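Notes follow the structure.
Residue numbers count from 1 along this sequence. Remember, it's a predicted structure, so these values are computed and weren't measured experimentally.
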Amino acid sequence: MYHKEKSIPIKNSASALYNNLGVLRIAPRRLTYFTVVHANVVNMVSSSWDGLDCSHRQLQSKEPNVATSASLIMQAAFCSLQSRELLVVTSQKGIQMYESDGSIMVYWHALDTPETTTAQAVFARGISAVPENYICVGVSSGSILVFDVPSKGTNISLSEVLDEHKESITDMASECSGSQECIADLVSADDGGNLCVWKSGEEFQLLHKIHGFDMSCSSVKLWKGTVVAGYGTGQIRLYEAVTGILHAEVNAHARWINSLDIAPFSGLLLSAAEDSLVRVWHLNLTPETNSVEIAHLHNECVTDTQICGAKFCDNDGYAFAVTGYDLGEIIRYTQT
């Protein structure tokens, strides 16, 4: 179903973080932007669709006006809003927002650090754009910061803090099917495997809380009212977002799942784990019975590689890319 294409080199290898790959397709210029985190650096690659022409940029996590404050980066993700696209970088120090090509930093938000030394690390992780003009970022305390983003300029503001989670946020996702009628449009996950389903607006509403199993939910997606969650057990669970009803549970991988992604137009689901396997599934929603089915379609084994990130490169799932720990390249696959 898929075959391997020419790999894209990166300046540094990928850190052993989950969801460690960002992808943004620039259709008018036939380019794809990729981001991969390595320690305190974001490696950004602009690649032509055939992978032959590449240009590189590196972003460092530095607090504004302080030259020596480099800190470990936890995640880099592209956020596509109605009127603009931003690259959001989270670290132990705070949250940076850049123009999508990484050229200009438009916003910096410093994290609150405790006055007394505690055993718990402070960091931000879990990034999602929410229609129409919000970007949500999770932090280690379990809070979710909601930023109101104008259509242009740097006048970004923190509009709300959501405090339902009691453990560190691991991942967040917004509704990706393009439906304007969805009731739930944001899902957040934490280290205890708990999921919170939200309705965005001037004030975000908690619709439902799905309790975990004391096993971290490392990656989560939301598609046509269905929450797709990947866990440290290697399992994938499908829940109805609004009610929390479990539709399906799949023993998808032998080890920790590090990344999930959905191609919204086709319903293809990508899962990648520490067992060196990338798997492609198909989700089928039956509105009459309000049920979701999942079917396995394809396997790719990235031999001797701890996979850190996997993303579709387009909305149909025609191509996907994979990163691995200590791997100095982005591996690409396209449909045959």
Once ring pair (Phe, Tyr, Trp, His ring centres under 6.0 Å) is applied, what residue pairs with a partner in residues 274-300 remain, sequence neighbours excluded?
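Ring pair (Phe, Tyr, Trp, His ring centres under 6.0 Å) check on residues 274-300 returns Tyr2-His298, Trp281-His296.
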Do [X] and [Y] sit in one hydrophobic cluster, given that two such residues count as connected whenever their side-chain heavy atoms are within less than 4.5 Å of each other, even indirectly?
| X | Y | answer |
| --- | --- | --- |
| Leu222 | Val130 | no |
| Val36 | Leu31 | no |
| Tyr33 | Val42 | yes |
| Leu24 | Leu21 | no |
| Ile73 | Phe78 | yes |

For Glu300, is there an ion pair with Lys4 - N to carboxylate O distance below 4.0 angstrom?
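The answer is no: the pair does not qualify as a salt bridge.
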To the closest 0.5 Å, what do you measure between OG (Ser7) and CZ (Arg332)?
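Answer for the OG-CZ pair, Ser7 versus Arg332, is 8.0 Å.
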Gap between atom NZ of Lys311 and atom CZ of Arg25 - 0.5 Å precision
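Arg25 atom CZ to Lys311 atom NZ measures 15.0 Å (nearest 0.5 Å).
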Is it the case that the side chains of [Y] and [X] hold a donor-acceptor pair, with the cut-off being a distance below 3.5 Å and no angle test?
| X | Y | result |
| --- | --- | --- |
| Ser271 | His253 | yes |
| Asp191 | Thr170 | no |
| Asp316 | Ser266 | no |
| Asn194 | Glu164 | no |
| His3 | Glu5 | yes |
| Asn133 | Asp148 | yes |

Measuring centre to centre across the rings, with the benzene-like ring taken for any Trp, is Phe147 within less than 6.0 Å of Tyr107?
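They qualify: ring centres under 6.0 Å apart.
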Not counting sequence neighbours, which residues clear side-chain hydrogen bond (donor to acceptor under 3.5 Å, both in side chains) with Ser291? List them please.
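Scan of Ser291 (side-chain hydrogen bond (donor to acceptor under 3.5 Å, both in side chains), adjacent residues dropped) gives Thr289.
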Within the distance-only criterion (no hydrogens, no angle test), does the side chain of [X] pair as donor or acceptor with the backbone N or O of [Y] below 3.5 angstrom?
| X | Y | value |
| --- | --- | --- |
| Asp314 | Ala319 | yes |
| Gln75 | Gly126 | yes |
| Asn20 | Ser15 | yes |
| Ser259 | Ala310 | yes |
| Ser159 | Val146 | yes |
| Glu274 | Ile307 | no |
| Asp190 | Gly192 | yes |
| Ser143 | Ser141 | no |
| Asp185 | Ser200 | yes |
| Trp223 | Pro264 | yes |

Where at least one partner belongs to residues 228-238, residue pairs that pass side-chain hydrogen bond (donor to acceptor under 3.5 Å, both in side chains), sequence neighbours excluded
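Listed by first then second residue: Thr233-Gln235, Gln235-Arg237, Gln235-Asn251, Arg237-Glu249.
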Is the shortest side-chain heavy-atom distance between [X] and [Y] below 4.5 Å?
| X | Y | result |
| --- | --- | --- |
| Val292 | Ile294 | no |
| Ile169 | Val139 | no |
| Cys79 | Ile127 | yes |
| Tyr325 | Thr305 | no |
| Phe204 | Leu186 | yes |
| Tyr333 | Val302 | yes |

Name the orientation class of the two ring planes belonging to Trp256 and Tyr18 (parallel below 30°, tilted from 30 to 60°, perpendicular beyond 60°).
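It falls in the parallel class, under 30°.
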